[in-house]
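Following: one structure in structure tokens, then a few remarks.
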Amino acid sequence: MSSTNVVSVEQLRSRLERGERIALLDVRFNPKELAYGREAYTKGHLPGAAFIDFKADLTDPAQEHGGRSPLPAPERLAALFGSLGIDRETAVVAYEDGNGPAASRLWWVLRYLGAERVQVLDGGYSAWTAAGGAIEAGPAAGAAPRKFVPSPRAGWLAGVEEVRRASASGGAKLVDSRDAAQFAGREAPFDPVAGHIPGASNYFWKDALEADGAWKSPEQLRERFADLPSDGEIIVYCGSGISATPNVLALHEAGYENVKLYAGSWSDWISYEGNVVATGEE
């Protein structure tokens, strides 16, 4: 089974050399240094790539509910992509420094809005440059604007009410993408309450990657998720809806189709009085 959501450096270079039109999106990001992404892009990026400001473009300011990194309205996202020459039929490849949540979040946003031909670059900018890929500095020329008409996929997004039902009934399977310490409630580095949503299973998102940081194969990912029902609904969450997206991508790579992101995630769950908090390994 070949990958449809991840593209290798060699595959991307071959497609570009054949003249295929691909919108390259640079979404390098460092949560501790918000200027990092744009500065890194200015110093060097894949030829023709446009820069996506992760925090400004792919999240909204936090409110009472919605989590720490709320999902922007489809219309705002569509205007952004349209201004970059992207519509729902455009082939898009997103990349960051390596394989992390930023490119996966961008992949998820585009797929959620109805785009079909979206991939992440395996190994990101680091893999591209290590393989001798060409780079350019400064701003890219930019593509002619296109009209991106969003068509949000309801089957890709879950709200708190759905998560409550899944937690109470066990109908949909809940997947927590944070590390084991956060899942068990031993640590809460980003939120005021520690623990997890009752009924969730812990699948740390980094376990979708090889030791060298490359994406695992679809076959390896199927083995990783073997305990999850192949035909049932799965709702994936993390702390704020960002590091859950690599697991959503990995589940699609493994052949799972009924996968939703709880965009508000744990930080949204604990914003409601009465939502039950679980701790421990199970």
Side-chain angles (χ1 to χ4, degrees), residues 1-9 11-12 25 27 29 54 58 69 71 92-113 115-124 126-127 153 155-158 163 166 172-180 182-183 196-197 199-266:
M1 177 181 173
S2 62
S3 169
T4 56
N5 302 294
V6 179
V7 62
S8 70
V9 167
Q11 290 169 329
L12 177 60
L25 298 180
V27 68
F29 174 68
F54 181 88
L58 299 184
S69 302
L71 186 66
V92 179
V93 172
Y95 70 88
E96 54 189 305
D97 278 320
N99 287 326
S104 294
R105 167 84 164 202
L106 179 52
W107 167 88
W108 183 89
V109 164
L110 280 160
R111 293 299 314 278
Y112 166 66
L113 293 178
E116 294 285 355
R117 302 169 63 203
V118 189
Q119 295 174 301
V120 298
L121 178 60
D122 196 3
S126 298
R153 305 172 195 260
W156 279 59
L157 183 65
V163 177
K173 187 64 180 175
L174 295 172
V175 168
D176 188 312
S177 304
R178 298 171 299 165
D179 63 39
Q182 292 181 70
F183 176 81
H196 61 266
I197 300 173
S201 298
N202 188 209
Y203 287 82
F204 185 32
W205 73 268
K206 288 187 178 181
D207 291 337
L209 307 177
E210 299 276 19
D212 64 0
W215 281 96
K216 289 181 176 177
S217 69
E219 292 76 17
Q220 290 172 302
L221 293 171
R222 279 200 297 273
E223 183 177 346
R224 177 187 178 222
F225 295 123
D227 290 338
L228 296 176
S230 60
D231 56 351
E233 183 177 297
I234 299 170
I235 299 175
V236 186
Y237 75 94
C238 57
S240 65
I242 295 172
S243 62
T245 55
N247 261 344
V248 176
L249 189 154
L251 282 159
H252 278 275
E253 284 287 276
Y256 291 79
E257 297 180 354
N258 195 358
V259 184
K260 293 183 178 182
L261 173 71
Y262 175 22
S265 285
W266 178 249

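- Judged by distance alone, the side chain of Arg111 and the main-chain N or O of Val118 form no donor-acceptor pair under 3.5 Å.
- In the model, Asp176 has a side-chain atom that pairs as donor or acceptor with a side-chain atom of Tyr237 under 3.5 Å.
- Listed for the Asp122 side chain is a donor-acceptor partner under 3.5 Å among the backbone atoms of Trp215.
- For the pair Arg178 and Trp266, the distance from NZ or CZ to the six-membered ring centre is under 6.0 Å and the angle to the ring normal is within 45 degrees.
- In terms of modelled atom types and a separation under 3.5 Å, the side chain of Ser265 and the main chain of Gly241 share a donor-acceptor contact.
- Nearest heavy-atom pair across Pro101 and Ser243 is CB-CA, 3.8 Å.
- Side chains of Leu71 and Tyr112 form a contact here, defined as non-hydrogen atoms less than 4.5 Å apart.
- Judged purely by distance below 3.5 Å, without hydrogens or angles, the side chains of Gln11 and Gln119 never pair a donor atom with an acceptor atom.
- Ring centers of His252 and Trp156: under 6.0 Å apart, within the cut-off.
- Pairing each heavy atom of Pro246 with each of Ile242, the nearest pair is CD-O, 3.5 Å.
- Pairing each heavy atom of Gly213 with each of Asn99, the nearest pair is O-ND2, 2.8 Å.
- Glu210 CD: more than 12 foreign heavy atoms inside a 6.0 Å radius.
- Taking every heavy atom of both residues into account, Asp207 and Lys216 meet most closely at O-NZ, 2.9 Å.
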Glu116 and Arg153: CA distance, side-chain angles, deciding distance, salt bridge (charged side-chain N to carboxylate O under 4.0 Å, His left out) verdict:
CA-CA 11 Å; Glu116 294 285 355; Arg153 305 172 195 260; 3.2 Å; yes
Val248 and Val175: side-chain contact (heavy atoms from CB on, under 4.5 Å), yes or no, with the steps?
CA-CA 10 Å; Val248 176; Val175 168; over 6 Å; no
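- Glu96 places a side-chain N or O within donor-acceptor distance of the main-chain N or O of Ala103, the cut-off being under 3.5 Å.
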Intermediate values then yes/no, side-chain contact (heavy atoms from CB on, under 4.5 Å), Phe54 and Arg105
CA-CA 9 Å; Phe54 181 88; Arg105 167 84 164 202; 3.8 Å; yes
Please report the C-alpha distance between Leu25 and Tyr95 in whole Å, then the side-chain angles of each, then the deciding distance to 0.1 Å, and finally whether the side-chain contact (heavy atoms from CB on, under 4.5 Å) criterion is met.
CA-CA 6 Å; Leu25 298 180; Tyr95 70 88; over 6 Å; no
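- Of all heavy-atom pairs between Cys238 and Ser177, the closest is CB-CB, 4.1 Å.
- Across Ala94 and Leu106, no two heavy atoms sit closer than the pair CB-CD2, 3.7 Å.
- Taking CG of Leu251 as the start and CG of Asn5 as the end, the distance is 11.0 Å to the nearest 0.5 Å.
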Do any side-chain atoms of residues 223-236 form donor-acceptor pairs under 3.5 angstrom with protein atoms, and if so which ones, sequence neighbours left out?
residue: Arg224; atom: NH1; partner: Asn247; partner atom: OD1; Å: 2.9
residue: Arg224; atom: NH2; partner: Phe204; partner atom: O; Å: 2.7
residue: Arg224; atom: NH2; partner: Asn247; partner atom: OD1; Å: 3.1

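- Here the CZ atom belonging to Phe183 is positioned 5.0 Å from the CG atom belonging to Asn202, to the nearest 0.5 angstrom.
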Can you list the steps and then say if Val120 with Val7 is a side-chain contact (heavy atoms from CB on, under 4.5 Å)?
CA-CA 6 Å; Val120 298; Val7 62; over 6 Å; no
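- To the nearest 0.5 Å, atoms CZ (Arg222) and OG (Ser217) are separated by 8.0 Å.
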